[in-house]
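Before any comments, here is the structure.
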Amino acid sequence: MKIAIVGAGMAGIGTLRYYIDHINIDDMEIYIFDDRNSAGIGYPFGPDDDALLLNQRLKKMTLEPWDDKKEYVKYLKETEPELLNHEFITRPEFGKYSKDVFLEYIKDERVKFVPSIVNDIDVKKDKYVIKTDNDYEVDVVHLCIGQLPQTDIYNLKDIKKYIATPFPIEDHSELLLNSKSVGIIGTNLTSLDIIMYLYKHNYKNDIIVTSRSGTVPFIRGNEAEVSIDVNALKNKKDITIHDIVEIFKEETKRQGIDFKFIKKLNEMPVLETLKYQLNHLDTLGVLEETAEELSEVLREVWNDLSLEDKKYYMKHIKGVHGQLTGPFPKMTAEKIVELIEAGQLTYVSGVEDICYNDEFVIHSEDGDYSAYVMVSAVGPNLSGKNLADENNASPLVKTLLEKGVLEVDELGGIKITYPEFSVISEAGVLERMKLYGNLVSTTHINNSGVNLILKKIPQSIEEIFHGDDGEEGTLS
Ligand SMILES: Cc1cc2nc3c(=O)[nH]c(=O)nc-3n(C[C@H](O)[C@H](O)[C@H](O)COP(=O)(O)OP(=O)(O)OC[C@H]3O[C@@H](n4cnc5c(N)ncnc54)[C@H](O)[C@@H]3O)c2cc1C
């Protein structure tokens, strides 16, 4: 029985260790593919500047959410106990742990690490052929290939002073730190990382953060207790998106918070909202914890919602839900406030276009701005027509879409079954080809977090061997 794991980032490591620790079959051979530099760390957690912080409290981070949620804390106790005094630590620190886990598991004699990027996969009747420099014929494939490259909204990729992929940020230090001004496209967490990097390195010139909407993520509030019966709600298969919003409103009202608080935060200019949030961390904590609990409900009921409900969520709620469930540390907010007050950092919203003419020119509703270097901090574009176009190219995904092995989901991203995570190809469901991570985030909704992605992997693997009915599957 041959198993291929394509990608050795977080999902790949999780898949590998679940097979090794839990799947007991004879003659199992596992091939895990990735390039040597990324294997064991994936995109966000590689060696880099220590201005880049985890966006989760360290005690919530784990590479083993099914057996030992405290594994990372235990690892730190043994290796770097002083880090346990920090609430948030750096992403490269987490990468050291993931790399150690990876190196440990590939020692197993059933595992072969192939240090190559996969270019193509052929689907045969009962087999898959993984194509790198050599061909590998296998029975099962787990695609753990992370996210597509960041989208190039303004088609700037050919300009030398445009940074399309910001990490590792150390690779761009000279360009960034010597620039007369730095522009950033997007206001999300990646944009905060870039600002924090500039701050840490004492960058003194102008920073211009551009976006269409003008909203910024929220600050992580204080830890809070909320009382939502997640398990009962998860089983309410007829629940609607409007019911979930009502539950959110009821819970926050019970805790003395007016739902309009959120709208108010988003209507304020960036400086004002950040200062206001810093003074209301208890309120934010309750809202964020409530949104987090309801996220868990949403992930379970999502695929039973009507298409209309899903589209409503995508259009009207996803943005603010993301602000509440992907907040950033308070100490980052304090530095952003400092930079805005010093007149060094400007947020420009209502951006209509960015072009290049010796320098980058940002056209916005409020007038034009310029920057010498421009960094992209927007995520990948998962929508159908952009998913594999030249500005979002990921060669393997593009090839598999062209061959009909992968298909674009109506809501964006790639079509899979849930909770099996089997790829739905043009020819039907491929029960032994699984796909996890950002590319399936329209089905495994709001899955941006290591433990969220990993939590679902055991069920998807077990289903290969035992099927839904508990009977052994075709492979054993
Ligand atoms: C900037 C940033 C910061 C983040 N911070 C956090 C955080 O603090 N906490 C958190 O929980 N989550 C965080 N996330 C979310 C995070 O990306 C995921 O939780 C996690 O890394 C996703 O795991 P993955 O395995 O899907 O992707 P990755 O960990 O990125 O792994 C994908 C791997 O697949 C490999 N690959 C791709 N294509 C091929 C191919 N064709 N052949 C072989 N290998 C291939 C890549 O080289 C890569 O190593 C962050 C995300 C980003 C972008």
Side-chain angles (χ1 to χ4, degrees), residues 6-7 9 11 15 43 118 120-121 123 128 141-151 153 237 239-241 244 295-319 321-322 325-326 378-449 452-457 459-460 463-464 468:
V6 181
T15 304
Y43 175 55
V118 172
D120 192 5
I121 300 175
V123 180
Y128 298 90
V141 183
H142 294 269
L143 293 172
C144 304
I145 51 181
Q147 61 174 47
L148 294 176
Q150 302 195 127
T151 185
I153 307 179
K237 293 296 176 203
I239 200 165
T240 67
I241 202 72
I244 296 177
S295 259
E296 212 180 315
V297 175
L298 189 67
R299 271 190 291 276
E300 285 314 307
V301 300
W302 177 253
N303 295 292
D304 295 316
L305 294 180
S306 65
L307 185 60
E308 195 181 295
D309 252 19
K310 288 181 184 170
K311 285 187 174 163
Y312 181 86
Y313 173 82
M314 290 297 205
K315 190 161 176 202
H316 301 289
I317 302 177
K318 191 174 167 37
H321 196 190
T325 52
V378 285
N381 188 340
L382 291 181
S383 81
K385 66 180 173 27
N386 300 108
L387 190 79
D389 73 15
E390 56 172 6
N391 289 346
N392 301 281
S394 158
L396 178 62
V397 173
K398 199 167 180 340
T399 306
L400 295 182
L401 277 168
E402 280 163 5
K403 286 167 60 163
V405 174
L406 299 180
E407 284 196 296
V408 177
D409 188 274
E410 190 167 1
L411 295 170
I414 300 293
K415 261 191 198 169
I416 52 157
T417 63
Y418 187 87
E420 301 84 7
F421 290 78
S422 302
V423 163
I424 304 179
S425 75
E426 233 171 61
V429 176
L430 301 175
E431 277 162 9
R432 287 183 260 143
M433 181 185 261
K434 309 288 185 179
L435 171 61
Y436 313 108
N438 182 263
L439 276 164
V440 299
S441 59
T442 47
T443 304
H444 184 204
I445 192 80
N446 295 341
N447 67 354
S448 175
L452 295 175
I453 295 176
L454 267 64
K455 252 193 207 162
K456 291 289 167 191
I457 290 175
Q459 190 178 352
S460 131
E463 184 265 344
I464 301 174
D468 281 345

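Atom CE of M314 sits about 10.0 Å away from atom CG of L307, to the nearest 0.5 Å. Here CG of D409 is found 4.5 Å from OG1 of T443. Values are rounded to the nearest 0.5 Å. Atoms CG and CD1, from L305 and I244 in turn, are 6.0 Å apart once rounded to the nearest 0.5 Å. Between the CD1 atom in I457 and the NE2 atom in H142 there is a gap of 8.5 Å [rounded to 0.5 Å]. The distance from atom CG of L439 to atom CG of L143, rounded to the nearest 0.5 Å, is 9.0 Å. The line from CD1 of I424 to OH of Y418 is 14.0 Å long, rounded to the nearest 0.5 Å.
Looking at heavy atoms from C-beta onward, D120 lies in side-chain contact with L400 at the 4.5 angstrom threshold. With a 4.5 Å cut-off on side-chain heavy atoms, K310 and I445 do not count as touching. Looking at heavy atoms from C-beta onward, L382 lies in side-chain contact with S441 at the 4.5 angstrom threshold. Taking 4.5 Å as the limit, some side-chain heavy atom of L401 sits within range of a side-chain heavy atom of I414. A 4.5 Å side-chain heavy-atom check between I464 and K434 finds at least one atom pair inside the cut-off. Considering only heavy atoms from C-beta on, I145 stays 4.5 Å or farther from V118 through its side chain. Side-chain contact between V6 and L396: present, with at least one pair of heavy atoms (C-beta onward) separated by less than 4.5 Å. Annotation: side chain of L148 is not in contact with side chain of N381 (no heavy-atom distance under 4.5 Å).
Side-chain atoms of K403 come within 3.5 Å of backbone atoms of I121 as a donor-acceptor pair (strictly under, hydrogens ignored). For N438 (side chain) and G146 (main-chain N/O), no donor-acceptor pair under 3.5 Å exists by modelled atom type. D309 places a side-chain N or O within 3.5 Å of a backbone atom of I241 that can act as its donor or acceptor partner.
Residues satisfying the side chain to side chain donor-acceptor pair (under 3.5 Å) criterion with Y313, sequence neighbours excluded, are H321, N446.
Counting all heavy atoms, side chain and backbone alike, V429 lies closest to S422 at CG1-CB, 3.8 Å. For the pair Q459 and P419, the tightest heavy-atom approach, listed with the atom from each and the gap, is NE2-CG, 3.3 Å. Between W302 and T442 the shortest heavy-atom distance is NE1-O, 2.7 Å. When all heavy atoms are compared, the tightest approach of H444 to I453 is CE1-CA, 4.1 Å. Contact record, V405 with S425: O-CB, 3.1 Å, taken as the closest heavy-atom pair.
Between K456 and E300 there is a salt bridge, since a side-chain N of the basic residue sits under 4.0 Å from a carboxylate O of the acidic one.
Looking at T15 and Y436, their side chains never bring a donor and an acceptor atom within 3.5 Å of each other.
Sparse packing is recorded around CD of E308, with 12 or fewer heavy atoms of other residues, nucleotides or ligands lying under 6.0 Å away. By the 6.0 Å contact criterion, CD on E431 is open, its count of non-hydrogen atoms from other residues, nucleotides or ligands being 12 or less.
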